[in-house]
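Contents: one structure, followed by commentary.
Here is the naming used below: chain letters follow the sequence lines, and residue numbers restart at 1 for every chain.
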Amino acid sequence: MSAETVAEAAPAIATKPSNIVEAINMALADAMAEDPAVLVLGEDIADPEGGGVVGITRGLSTRFGEHRVRSTPISEQAIIGAAIGASLVGYKPVAEIMLMNFTTVAMDMIVNHAAKLRYMSGGQTNVPIVIRTMTGAGYASGGQHSDYLEAWFAHVAGIKVVAPSNPIDAYGLMRSAIDDPDPVMVIENLPLYRIAGERAVSGTRIPIGKARIAAAGTDITIVSYSRMLHECQTALATLAEAGISAELIDLRTIAPWDQETVCTSVAKTGRCLIVHEAVTPFGPGAEIAAILSDRFFGKLKAPVGRMGGSFNPVPFSRPLETAHVPGAQRIAETAITLVRAGA
Amino acid sequence: MSAETVAEAAPAIATKPSNIVEAINMALADAMAEDPAVLVLGEDIADPEGGGVVGITRGLSTRFGEHRVRSTPISEQAIIGAAIGASLVGYKPVAEIMLMNFTTVAMDMIVNHAAKLRYMSGGQTNVPIVIRTMTGAGYASGGQHSDYLEAWFAHVAGIKVVAPSNPIDAYGLMRSAIDDPDPVMVIENLPLYRIAGERAVSGTRIPIGKARIAAAGTDITIVSYSRMLHECQTALATLAEAGISAELIDLRTIAPWDQETVCTSVAKTGRCLIVHEAVTPFGPGAEIAAILSDRFFGKLKAPVGRMGGSFNPVPFSRPLETAHVPGAQRIAETAITLVRAGA
Amino acid sequence: MSKPQIPDAATQLEIFRRMALLKGNDVRSRKVIGSGRLMMPYYSYRGQEVIPAALSVNLTDEDYLVTIYRGIHDMLAKGLPLKDLWAEIAGRVDGTCKGKGGPMHLTYPKKGIMVTTGIVGSSMPIANGIAWGSQLSGNGRVTVATFGDAASNIGAFHESLNLASVWKLPVIFLCQNNRWGEHTAYAKATSVARISDRAAAYGMPGIHVDGNDPFAMYAAAREAVERARAGEGPTLIEAMTFRFYGHVFGDADAYMDPAEKAEHVAADPYPIFRARLIADGVANETDLAAIEADVEARLDEAVAFALASPFPDLSELTTDVFGEAA
Amino acid sequence: MSKPQIPDAATQLEIFRRMALLKGNDVRSRKVIGSGRLMMPYYSYRGQEVIPAALSVNLTDEDYLVTIYRGIHDMLAKGLPLKDLWAEIAGRVDGTCKGKGGPMHLTYPKKGIMVTTGIVGSSMPIANGIAWGSQLSGNGRVTVATFGDAASNIGAFHESLNLASVWKLPVIFLCQNNRWGEHTAYAKATSVARISDRAAAYGMPGIHVDGNDPFAMYAAAREAVERARAGEGPTLIEAMTFRFYGHVFGDADAYMDPAEKAEHVAADPYPIFRARLIADGVANETDLAAIEADVEARLDEAVAFALASPFPDLSELTTDVFGEAA
Ligand SMILES: Cc1ncc(C[n+]2csc(CCOP(=O)(O)OP(=O)(O)O)c2C)c(N)n1
Ligand SMILES: Cc1ncc(C[n+]2csc(CCOP(=O)(O)OP(=O)(O)O)c2C)c(N)n1
Ligand SMILES: [Mg+2]
Ligand SMILES: [Mg+2]
């Protein structure tokens, strides 16, 4: 199975009452219906091309027209450039870069231009674009189709990064991203697309920069997002059995991340474990660990733990691919070690 | 003044006995003379084009021929692709991406290919290339010509990153980078190019992954590299006056960084301040701070300090550009605060 | 373009032998994957077999190939062993890449298969570098970069053809124009009627050829190979063909006009060439049936070998990231 | 290309007025920077004044411009006020961008100057997006993307021209071919004799014009502007010209054949057009001298204004990174 076949494979994993594919489709449709300035562009995204390789944009071009919902050539620099330009004259384009690894051919447009034009123009212009991109290990897509690169963008001033883990957040974050006056990257995880979840209420927003307490606890704070949030959730059971009450935080926004919510939790638990799919070295967890270690100097019961993908390209072979990313079992074990260590 | 005019401006800042421009030129010349497999390519790098906009490659094409020292079109993807391909068949190309911000148009070649081919081929192939690139604030080059992006590459498995602060290291690291069987990015700082420094002995190597104690001390460890190392050096005087003995470490290699040397020092001082030009959030300092806070949990006398560029694009206006990056005065003040805090 | 050269009987038979191997392998791949025994992104090349078959008979094992996710046909024609292929796409330790690369990153330098990329357009910049190496060492080798029609709209195509032309590199840019880029029809994304016409923008010869006609494809490939070997620089070949089974396994081609597809499938070059060889007396039914039977036997063996091969040890996860500094 | 249209006398005079402003500003810029009073990367456009002067008289304030580091001539011709320009390149708070952008990122939306980029090739993808906006709103505006000859070898050029053609965007790709890309001569990096010939690779009209001939340049620009306004799609214009003062201030052009340079400088279009206007009786010496004197006076004023303007407050360092979410 691959990115391109998730759509077809869909029926296999039944979808009730909703899922992230439906949520993002609904968010785009609602935004386009409310505001004629909202545009959608990307490879294969219009209905003649099947409404996207995963079906996320299905129905949009039929409803709003191909002038507003445009399939593009395979030209990522031209895609982001078109989005930037249109945004400079009042439009709110949502551009799809099919897979996150393909942002590598559009980094100049994203980093040197989208993120910087407001600043370099002294505030005369701004770039209200959304960049949707999918990624994630789990489908044996290999080394060039699975990377999590959010740390790169979080390290660039002028762009925000969000990564929903469920349909409600996917809808609300997408609406907020479209409302936002600056570039926002929305990272969608492939294996999560068809997981059933609660349906979002049309029109709702999830504020960018605001985390969610996914489970309340007192012994350790676990910070995660995207697919890893679900692995952490699974780990909670094991932790409960071990008599450990973990507070699970869905970060939802990586840049700017919600320091207040995380710090409030860590102030209570005195321990923190950060879990993401991106490789650990120089990854998102490093910034969070650095901030917490500083903010809670001398007050932590255990060192801040970080779990990320092992430091290697994503392998194809299933056993290796599975071992590459943190799993519920290892997450639980690590959390237990941290709690016992700081007991 | 700009990247392109450093060469012409050179006479202004007289250079004895040597400088980084001479050191890198000598390293390339020595490597090419020793090994016919070593190639050099990039924009304007051959002598008919002036031997590079800064004169780094001056004389090489005249001495070794334009078949081995090739000026290229302005096509960074083609430049890195040519280097990768040649390296797959036994050559050791040194490719120049003139300024680090221009790596954004070649990220696919660097990240999806150069860094991953060894792994994805199961070790059948490898990519022994060197990517030289210049950057740094200080010449009013503005938002698209000054960025330090080493954190991006340090977050990618399969590529190494070095950043010399003096001619000896520039020569030795370049020789080691050319010897290395995998891609190595060499970051050169524009304002440092013509600063006088000791001349390297031909044939010497500075091992990748090995830091240097630039000044021994006992109260605090200051970790830096590239131009910021010099700001830290300047700060030492102020610190000495304040009765503070700082140990200054020139990291030299950002990925993989020398944890042993840094940890040995911090074990002694109990305090650490990391200083770099890259913006602070999700920057190189985050990884170092996260590792140290974990390794020395409960043993540090003060939280690990991080100083980087302010979180904004590099501004043009000189006072803003100067305020954007850490300076000796602020570095000294921060170090003093850390020492007093943990007294 | 010099007057087309008809391959001799032995070469015709060899082209068919390679086509039979390629077709047989695709049919088997879809069968095995469809049965759920293997899971991977599989990009069927069924319908495009003539192109690499007729190209590869003009190449030696020393010549180089840089191909793409839809490139298993290119690699088999270039000599990729079936067992190594199947073990790799099964993610097993006996695969070309110990299972770490998978179908999108098959690599086999022993036969000049240097890189397989999953990034559209990225075969070309790397092929230039390999060709630069041949130019430097004067080893007379040719490098072929394959890519699709839609890839001709990405920046890497442009930078690569310009550099290859300015440096007069011994490289062939082989565009397999199957008229679709994922779900997007050629004309909706491409601003020129023929991709071969883009060659003029690089002062490079461009050849537009029916990639489903073994003789025409053979002649086009031969012309380009001779030019490269003679040190006369690169060629852009646009080989017209069609993709029979959608973009990737599981893609039902719903966006495609069934009539268009039916027409192309009806013109399947495999049975046509097979019949022609018999009609021309180059071979008889028994010969060709034997070739096909042999392919099936080798496939049985390769699939069995692959499924019996162990998965890589977990220690392989973090090896091959960096080599040992000399 | 429809038969060239000679601009009327008033337009000819207006073209000269803009050329005088552009030339005067470049001379003054090099003087002030050379004196050390200002420090910046300055990319002289001396010798290229005709192109934006003859283009801009075909545009309105509502039309859009996306230009490059070597683009101050493009912007002045489009209406960038001298005081705002000088305050910006002096890094002062009264500059177009409060001193935060500098000479490589001048921006002035009031006159349609939307983006100035320091990245080779990056003006084009963004210009497409602005033109898409005009196509959507039907406001009839034209977007011009300027770039250099060497920029025609980078991927962004290719992707942009293909997309503009497929989408039939009201955009003009204006290549100012000054025969050099930094220190590299045109032919050493570019595989085609004329960049305008690359238009065919995108099914787009390509115009090769003498960018130093005001009438020819006027006609070429007018044709492209009319095509865009009529909704008939993009045009690639290659305007031949020359760069008189090296790539960037401080570059002594040592890599250039002095004879080549001398020949072009001798053909300086400014004095030639000035003489022609007098010869044709469009204006007399007094009129033109008055225009030039006026430029000098405005420059005196602008430079003084800039140097008297304060630097931005340090609080500006971290503002304008993000806006306020509505
Ligand atoms: C840079 C990049 N963008 C998008 C993709 C996703 N993608 C994979 S194949 C493909 C279509 C390519 O079509 P074509 O070049 O005609 O080759 P074909 O698949 O038809 O053989 C796309 C868009 C990718 N792999 N790389
Ligand atoms: C992607 C990228 N690569 C390299 C550079 C460095 N650079 C700045 S201008 C220039 C030459 C451009 O030449 P041309 O396109 O002909 O424009 P001109 O400067 O002659 O007006 C180069 C190589 C850059 N700014 N961006
Ligand atoms: Mg295709
Ligand atoms: Mg030029």
Non-hydrogen atoms of chain A under 4.5 Å away: do they reach the side chain of [X], the backbone, both or neither?
X        : result
D:Tyr64  : side chain
D:Ser137 : both
D:Leu136 : both
D:Glu88  : neither
D:Leu317 : both

Quick one: what part of [X] sits under 4.5 Å from any heavy atom of chain D, side chain, backbone, both or neither?
X        : value
A:Leu39  : side chain
A:Ser121 : both
A:His113 : side chain

Is any NZ, NE, NH1 or NH2 atom of the basic residue among [X] and [Y] found under 4.0 Å from an Asp or Glu carboxylate oxygen of the other?
X        : Y        : result
A:Arg132 : A:Glu96  : yes
D:Lys111 : D:Asp63  : no
D:Lys98  : D:Asp320 : yes

Next item on the list: Carefully, step by step, assess D:Asn153 and D:Arg198 under the rule side-chain hydrogen bond (donor to acceptor under 3.5 Å, both in side chains).
Entry: CA-CA 10 Å; D:Asn153 296 323; D:Arg198 287 185 165 163; 2.8 Å; yes
